[in-house]
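Order of appearance sets the numbers: ligands from 1, and atoms from 1 within every ligand.
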Amino acid sequence: MAHATPSPAAFRATAGLSGRITVPGDKSISHRSLMLSALAVGTSRVEGLLEGEDVLATAAAMRAMGATITRDDDAVWTIDGVGVGGLRQPATALEMGNSGTSTRLLLGLVASHAITATFTGDASLSKRPMARVTDPLSLMGAEFTTSPGGRLPLMVRGLCPAIPIDYRLPVASAQVKSAILLAGLNTPGITRVIEAVPTRDHSERMLTGFGAALTVEEDIDGTRTIAITGEAELRPQQIVVPGDPSSAAFPVVAGLLVPGSEIVVANVGLNPTRAGLYTVLRAMGASIVPEDEREVGGEPVADLRVSHSVLRGIDVPPEIVPSMVDEFPILFVAAALAEGRTVMRGLEELRVKESDRIAVMAEGLRAIGARVEELPDGLIIDGTGGEPLAGGATVAAHLDHRIAMSFAVAGLVSSGTVTIDDMAPVATSFPGFATMMADLGAEVVA
Ligand code: S3P
């Protein structure tokens, strides 16, 4: 999973994108479908699973803790679960690669089982904060030995039975919420998570689908209290994973920015807790038309018809941030080509993603000629009004898939070639990205 040799690629000004592509399965839903299937009693099937490195790390960990997971030639995954409470002690360290979601959610699962496990990760993951999950899980009785700063590698000793807690999230984080709910699955009594701002709700939807006793109450001010009753018994499911709106974001923005483009990005999940980018782009003047709106696996899905559009800068309302937290790198690229100024604030969480996405994007965008002001909590970008960026530089991906893909799109609207020093991290979430972009007509030099 670690990439010893970097794999650079260059992206060049492109005439006009056209065609239809289907984006791979949703990363968040894929992780959860493997975890919950592995905890059900019986055999679940998952179609449309994202076969990216992050999700494969989750699959390997669930296997190491006792689940039987296989894939057939039609890419249907079959999971024989061990039952809630049935996870076994892994024989070796759990290798999480680049995946924060695998790490934080699995820490929750292990916390309420009588298991001692070591979690390791790559250089990016080993810099990311884990106290946000180890703090509440310690209140539930788990014990942690972490590296300095509360980071990976770390060792967790779970407690069974664990202690139910009521926990108000100090940061808007679906990973923290999910870690606590997953710990609550095997904890007798009611575990409650209170979130002031709604974050992606895939865990709540899927836990309910598997038969867990889970309730969600919303106050008039929008605060949500999610309560799960343990010890739960999960029933096996047939799951179809919708396409990932966070992956679709890259071809969608490419289609908007490259003059003369008209493309269809099919199978895009549009759960309202995930679809903030599309709302913001439309407010900037983007032509993104949903076609064949339908439900896949209990989530709203559509094919998005995208046509080249002249975008206008806006002030992005901070309250929309949680529903597009992964989409800011590509929105920064859109803002760099828009008419006028785009102000994006309230983004402090971006500094602790796979890289410091505020600093890394500011640096790379400047290197290719964009006008960017960096703030502690965001960026202000003065766009070109549709004129190409200068390009002609190599930018560093910093082991961050979304940085790599964002600069790939920027290369398509730059006069000089944009080289990404390492595209390998893209395999964590969007295998086949460069080929798919090339199929749409993008000038890619591998
Ligand atoms: C995720 C939640 C988000 C997101 C990540 C996936 C999830 O992280 O950035 O890519 O699947 O729960 P935070 O919970 O840290 O915001």
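Side-chain polar atoms of S178 and R104 form no donor-acceptor pair below 3.5 angstrom. Residues R151 and S126 bring no donor and acceptor atom of their side chains to less than 3.5 Å of each other. A side-chain N or O of T199 and one of K177 form a donor-acceptor pair less than 3.5 Å apart. H401 and S429 are linked by a side-chain donor-acceptor pair at a separation below 3.5 angstrom, with hydrogens and angles left out of the test. Donor-acceptor pairing under 3.5 Å is recorded for the side chains of T120 and E95. At a cut-off of 3.5 Å, with distance as the only test, no side-chain donor of Q89 or T116 sits close to an acceptor on the other residue. In summary, the side chains of S44 and Q237 do not present any donor paired with an acceptor at a separation below 3.5 Å, with no hydrogens or angles considered.
Residue V325 has no nitrogen or oxygen atom sitting less than 3.5 Å from a nitrogen or oxygen atom of ligand 1, judged on distance alone. Residue contacts with ligand 1: R402 is placed with no nitrogen or oxygen under 3.5 Å of a nitrogen or oxygen of the ligand (distance criterion only). The shortest N or O to N or O distance between E349 and ligand 1 is not under 3.5 Å.
Heavy-atom contacts of A174 reach the following atoms of ligand 1: 12 (O), 14 (O) (cutoff under 4.0 Å).
Among all non-hydrogen protein atoms, the one lying nearest atom 11 (O) of ligand 1 is S28 OG, 2.7 Å. Distance from atom 14 (O) of ligand 1 to its nearest protein heavy atom, with residue and atom name: S173 OG, 2.6 Å. Of the protein's non-hydrogen atoms, T101 OG1, 3.4 Å is the one closest to atom 6 (C) of ligand 1. If you check which protein heavy atom lies closest to atom 4 (C) of ligand 1, you get D326 OD2, 3.3 Å. For atom 15 (O) of ligand 1, the closest heavy atom belonging to the protein is K353 NZ, 3.3 Å.
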- prompt: Between D326 and R357, is a salt bridge (charged side-chain N to carboxylate O under 4.0 Å, His left out) present by the stated rule, with each step listed?
  reply: CA-CA 10 Å; D326 290 335; R357 288 180 172 164; 3.7 Å; yes
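Heavy-atom proximity to atom 12 (O) of ligand 1, evaluated over E354, R32, K177, R104, is greatest for R32.
Of all the heavy atoms of R200, the ones lying under 4.0 Å from any atom of ligand 1 belong exclusively to the side chain.
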